[in-house]
Amino acid sequence: KAGVTQTPRYLIKTRGQQVTLSCSPISGHRSVSWYQQTPGQGLQFLFEYFSETQRNKGNFPGRFSGRQFSNSRSEMNVSTLELGDSALYLCASTAGGPNTGELFFGEGSRLTVL
Amino acid sequence: GENVEQHPSTLSVQEGDSAVIKCTYSDSASNYFPWYKQELGKGPQLIIDIRSNVGEKKDQRIAVTLNKTAKHFSLHITETQPEDSAVYFCAASSSGGGADGLTFGKGTHLIIQP
């Protein structure tokens, strides 16, 4: 069974640009969540999707957005990039409903903003 | 909201010795406490979890203890090996699992010295 797949793995952008990251969950998983990981700040929750609906959103500005498609694949978008957006963006999926189960993480998309 | 404090941020131990990582949480409604291990270049992976109706859980060289009264929980690794070198994250949730309401600590970088 394939794991969580995130693309692209690495990308470099400049301030003011926008970026779209993609996440394909484990087959059969319907809940997808996104996290921002920076040194010293740990894993900060961005948002969670279940059945194409955003269930929860973390404390991030509106420049951060996401969506989920009918096949459970998810994308997140960051507009008007800032230097502080440089981070590893992790996606995780869960097997059961939104409040159950282990999180299965992808390897992340490392974003560098210059 | 929930606040999870994790200590220490870096822990260096000799191979074969034990390692202990401690976390405290603020929300008395938290009932699920997972621990994730993140190896270099990979996403976090669940290694053990405990629910609030249990005081201790063991899985080979890894154990987790929970003190609900004091609102703290700890990860114990015995007979440490080089492959234990990684970043460890504790987390707390009031929803019993999944991403909803899951708050992570900032992580502990465990270094196993040969």
Side-chain angles (χ1 to χ4, degrees), chain A residues 3-7 9-10 21 23-26 29-51 53-59 66 68 74 76 87-110, chain B residues 1-10 21-25 27 29-52 57 59 62 64 75 86-110:
Chain A
V4 176
T5 304
Q6 292 189 244
T7 56
R9 289 292 314 280
Y10 303 91
L21 309 178
C23 172
S24 293
I26 290 172
H29 286 195
R30 294 167 63 196
S31 174
V32 173
S33 52
W34 289 88
Y35 296 84
Q36 182 193 65
Q37 183 176 15
T38 54
Q41 290 301 310
L43 296 162
Q44 304 221 279
F45 173 74
L46 281 156
F47 23 67
E48 181 196 11
Y49 288 88
F50 179 77
S51 294
T53 301
Q54 186 180 90
R55 291 191 70 248
N56 295 290
K57 190 176 190 325
N59 190 24
Q68 186 179 34
S74 178
M76 66 163 283
L88 179 68
Y89 290 88
L90 290 161
C91 161
S93 68
T94 59
N99 295 328
T100 59
E102 167 184 356
L103 297 181
F104 292 84
F105 284 89
E107 295 189 328
S109 293
R110 183 165 295 282
Chain B
E2 175 69 276
N3 182 45
V4 177
E5 301 276 346
Q6 182 172 349
H7 299 280
S9 57
T10 303
I21 302 170
K22 299 181 179 182
C23 290
T24 60
Y25 60 98
D27 187 355
S30 288
N31 56 15
Y32 175 65
F33 306 91
W35 286 86
Y36 284 82
K37 174 184 180 183
Q38 185 176 27
E39 296 177 345
L40 196 61
K42 299 194 173 181
Q45 184 175 14
L46 180 74
I47 55 171
I48 195 168
D49 57 10
I50 191 168
R51 296 188 183 272
S52 58
K57 184 176 178 180
D59 182 3
I62 294 173
V64 57
L75 178 71
V87 178
Y88 291 80
F89 293 96
C90 65
S93 168
S94 57
S95 66
D100 185 23
L102 186 68
T103 301
F104 286 89
K106 290 189 179 352
T108 296
H109 185 194
L110 176 62

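Throughout, protein chains are lettered first and strands after them, A, B, ... in sequence-line order, and every chain is numbered starting at 1.
The side-chain heavy atoms of A:Leu103 and B:Tyr36, taken from C-beta on, include a pair separated by under 4.5 Å. Within the 4.5 Å cutoff, no side-chain heavy atoms of A:Glu48 are placed close to those of B:Leu102.
Evaluation of the side chain to side chain donor-acceptor pair (under 3.5 Å) rule for A:Gln54 yields A:Tyr49 as partners, not counting sequence neighbours.
In this structure, the portion of A:Leu90 lying under 4.5 Å from any heavy atom of chain B is its side chain and not its backbone. In this structure, chain B has a heavy atom under 4.5 Å from the side chain of A:Arg9, while its backbone stays farther away. The contact between A:Tyr35 and chain B is made entirely by side chain atoms (from C-beta outward), counting heavy-atom distances below 4.5 Å. Only the side chain of B:Gln38 comes within contact range of chain A, with heavy atoms under 4.5 Å apart.
Nearest approach of A:Gln37 to B:Phe89, heavy atoms of both residues: NE2-CZ, 3.4 Å.
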What pairs of donor and acceptor atoms, side-chain ones from residues 42-50 of chain B against any protein atom, are under 3.5 angstrom apart with sequence neighbours left out?
from    : atom 1 : to      : atom 2 : distance (Å)
B:Asp49 : OD1    : B:Lys57 : NZ     : 2.9
B:Asp49 : OD2    : B:Tyr32 : OH     : 2.9

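Annotation: A:Lys57, atom NZ; neighbour count of heavy atoms from other residues, nucleotides and ligands within 6.0 Å is above 12.
Here the straight-line distance linking atom CD of B:Glu39 with atom CD of A:Glu107 works out to 10.5 Å at 0.5 Å rounding.
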